[in-house]
Amino acid sequence: MATENESLKSGSGSGSVTVNGDATPDRKIALITGITGQDGSYLTEFLLNKGYEVHGLIRRSSNFNTQRINHIYIDPHNAHKARMKLHYADLSDASSLRRWLDTIRPDEVYNLAAQSHVAVSFEIPDYTADVVATGALRLLEAVRSHIAATGRSHIKYYQAGSSEMFGSTPPPQSENTPFHPRSPYAASKCAAHWYTVNYREAYGLYACNGILFNHESPRRGENFVTRKITRAVGRIKIGLQSKLFLGNLQASRDWGFAGDYVEAMWMMLQQEKPDDYVVATEESHTVEEFLEVAFGYVGLNWKDHVVIDKRYFRPAEVDNLKGDSSKARKVLGWKPRVGFEQLVKMMVDEDIELAKREKVLVDAGYMDAQQQP
Ligand code: NDP
Ligand code: GDR
């Protein structure tokens with residue numbers, strides 16, 4: 001994306017870097033934090049298809065961090081066609097949040113930004129709390145003060161909550177299940193959850209918590225266990241790698257497809273009244289079962305390749321997550337479309353193709369087999 005840097009610079013000055021279609025006065029406007037992440041990219045596609053204008057807040061990075069949304073980006077020189085606009089901001093910078101709210105004047109705000117890696121949150125707990133907990137509070141406060149200043153009381157807010165908040169409370173977990181967080185990340189998500197409830201009760205803000213169980217996709221970050229496995233399956237199958245180092249294989253997760261889950265986020269904001277909802281497949285599998293399906297799909301035995309490495313064990317583990325999403329299914333009419341095996345195979349298929357492209361670069365001497373682009 002050769003022109004991106006320039007366009008972002010002009011965007012942060014003028015408030016308009018653009019993509020995807022002509023503006024109309026009655027078009028809904030969404031503001032997404034975390035637009036460059038897995039969920040941000042699927043939610044942006046979903047909202048663009050619904051006719052929204054989508055504004056994303058992105059943080060400054062020394063490398064481009066927009067890989068997941070490059071395919072829907074339109075050069076700002078074609079600004080009249082653009083319906084996705086990117087702006088520099090950060091959840092640690094309250095002034096940037098308020099400024100973009102005032103400029104963009106969104107109808108819906110989706111707070112997806114987070115230091116979202118549970119294991120990493122033990123390494124950088126202070127930062128994790130600042131972004132995940134206080135970051136959500138900063139954004140809620142920016143929305144509240146924007147409404148107070150402008151009277152735009154119809155704004156709706158979505159908070160990306162997590163099944164990690166349930167932690168050690170046994171399954172099935174629903175909206176009525178007590179939280180028992182097991183990491184700085186999970187404790188921070190609990191704080192963000194209660195800030196959201198509090199702003200709803202104290203100020204009448206239309207604010208919803210989506211308590212989403214794990215959701216994956218070919219766009220999942222490569223250091224989450226599902227993608228780490230499917231990347232390794234692709235590379236082992238193509239001959240670029242032979243071992244895969246993992247931690248606890250007995251943890252059980254309720255894994256769904258991210259594309260299905262972003263729809264639930266939107267549905268929550270289309271209701272008459274704001275509320276909190278669990279979103280889950282209601283099916284749970286261990287990491288070992290994920291390995292069986294992923295390696296088995298391409299005719300490999302995971303036991304020939306997986307090596308247990310203590311460094312991937314966590315100081316406190318979440319053993320068993322399995323959601324009860326009956327409220328979302330009944331009230332929102334949501335249900336998942338992609339099942340466990342289909343999800344694993346979708347991810348393996350994409351990662352086989354990615355490994356083939358890597359192999360071409362390795363064979364041509366442009367890349368080391370150890371290196372990953
Ligand atoms: P990702 O880790 O893929 O994306 C996180 C996003 O947050 C990225 O866009 C990242 O930017 C951005 N971000 C990180 N720190 C900051 C900051 N200080 N200021 C602004 N932006 C920041 O997460 P997912 O897409 O998987 O998840 C989306 C949200 O949902 C997260 O809040 C996560 O905790 C939560 N969640 C996720 C679940 C899942 O299974 N995926 C389940 C339940 C909850 P950059 O690209 O620059 O790193
Ligand atoms: P999780 O996802 O912690 O559930 O958080 P992750 O994929 O990181 O771990 C799932 C389980 O796999 C075990 N595991 C490993 N995990 C990683 N990352 N790497 C390994 O090598 C490995 N080996 C075993 C873990 O111990 C764990 O039990 C995700 C994130 O998206 C959060 O942001 C989100 O809130 C929750 O899902 C719901």
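Whatever order the structure lists them in is the order used to number ligands and atoms, beginning at 1. Heavy-atom basis, side chains included; hydrogens, waters and symmetry copies ignored. Computed from a predicted structure; not experimentally measured.
- Here is the list of ligand 2 atoms found below 4.0 Å of a heavy atom in V118: 3 (O), 5 (O).
- Nearest protein heavy-atom contact of atom 23 (N) of ligand 2 is G247 N, 2.8 Å.
- Summary of contacts: the protein heavy atom closest to atom 26 (O) of ligand 2 is E317 OE2, 2.6 Å.
- Taking the six-membered ring for Trp and thresholds of 30 and 60 degrees, W255 and F340 have nearly parallel ring planes, at less than 30 degrees apart.
- Scored by the salt bridge (Lys or Arg N to Asp or Glu O under 4.0 Å) test, E350 finds no partners at all (sequence neighbours excluded).
- Counting heavy atoms closer than 4.0 Å to ligand 2, residue V225 contributes atoms from both its backbone and its side chain.
- For ligand 2 and H117, the ligand atoms under 4.0 Å from any heavy atom of the residue are 18 (N).
- Among Q250, R314, Q115, K228, the residue whose heavy atom sits closest to atom 8 (O) of ligand 2 is R314.
- A salt bridge links K359 with D363; the closest basic N to acidic carboxylate O contact falls under 4.0 Å.
- Using bins of under 30°, 30° to 60° and over 60° for the plane-to-plane angle, the ring pair F295/H305 lands in the parallel bin.
- A cation-pi arrangement, defined by a distance under 6.0 Å to the six-membered ring centre and an angle within 45 degrees of its axis, is present between R144 and Y203.
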Original post:
Checking salt bridge (Lys or Arg N to Asp or Glu O under 4.0 Å) for the pair R227/D351: CA distance, chi angles, key distance, verdict?
Top reply: CA-CA 9 Å; R227 187 79 201 289; D351 279 333; 2.8 Å; yes

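- Cluster membership check: I229 does not share its hydrophobic cluster with F224, using side-chain heavy-atom separations under 4.5 Å among Ile, Leu, Val, Met, Phe, Trp and Tyr.
- Between F179 and F166, the ring centre distance stays below 6.0 Å.
- Within 6.0 Å of NZ in K322 there are 12 or fewer heavy atoms belonging to other residues, nucleotides or ligands.
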Subject >> Candidate pair I69 and M84, rule side-chain contact (heavy atoms from CB on, under 4.5 Å), full reasoning >> reply: CA-CA 10 Å; I69 47 174; M84 178 182 77; 4.3 Å; yes

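- With respect to the salt-bridge test (charged N to carboxylate O, under 4.0 angstrom), the residues K303 and E292 do not qualify.
- Scanning the protein heavy atoms around atom 18 (N) of ligand 2, the nearest turns out to be N223 O, 3.0 Å.
- Atoms of ligand 2 found under 4.0 Å from any heavy atom of A251 (numbered from 1 in listed order, with element): 28 (O).
- Between D276 and R200, at least one side-chain nitrogen of the basic residue sits less than 4.0 Å from a carboxylate oxygen of the acidic one, meeting the salt-bridge criterion.
- Looking only at heavy atoms of the protein, atom 13 (C) of ligand 2 is closest to N248 O, 3.7 Å.
- At a 4.0 Å heavy-atom cut-off, the residues surrounding ligand 1 are G34, T36, G37, Q38, D39, R59, N65, D90, L91, L112, A113, A114, S116, Y127, V131, A160, G161, S162, Y185, K189, L212, F213, N214, H215, R220, listed by chain and number.
- Taking the charged nitrogens against the carboxylate oxygens, E353 and R357 have no contact shorter than 4.0 Å, which rules out a salt bridge.
- For L246, no nitrogen or oxygen atom sits less than 3.5 Å from a nitrogen or oxygen atom of ligand 2, counting backbone and side chain alike.
- Annotation for ligand 2: atoms under 4.0 Å from non-hydrogen atoms of Y185 are 32 (C), 33 (O), 34 (C), 35 (O).
- Atoms of ligand 2 found under 4.0 Å from any heavy atom of S162 (numbered from 1 in listed order, with element): 34 (C), 35 (O), 36 (C), 38 (C).
- Considering only non-hydrogen protein atoms, atom 32 (C) of ligand 2 sits nearest to S116 O, 3.3 Å.
- Counting heavy atoms closer than 4.0 Å to ligand 2, residue L321 contributes nothing at all.
- The protein non-hydrogen atom at the shortest distance from atom 2 (O) of ligand 2 is N214 ND2, 3.7 Å.
- Distances from atom 29 (C) of ligand 2 to the heavy atoms of E288, R227, R220 put R220 nearest.
- In this structure, K228 forms a cation-pi arrangement with Y312, its terminal cationic atom sitting closer than 6.0 Å to the ring centre and no more than 45° off the ring axis.
- Here H215 has no heavy atoms under 4.0 Å from ligand 2, in either its backbone or its side chain.
- Residue S163 places no N or O, backbone or side chain, under 3.5 Å from any N or O of ligand 2.
- No side-chain heavy atom of F257 sits under 4.5 Å from any side-chain heavy atom of R337.
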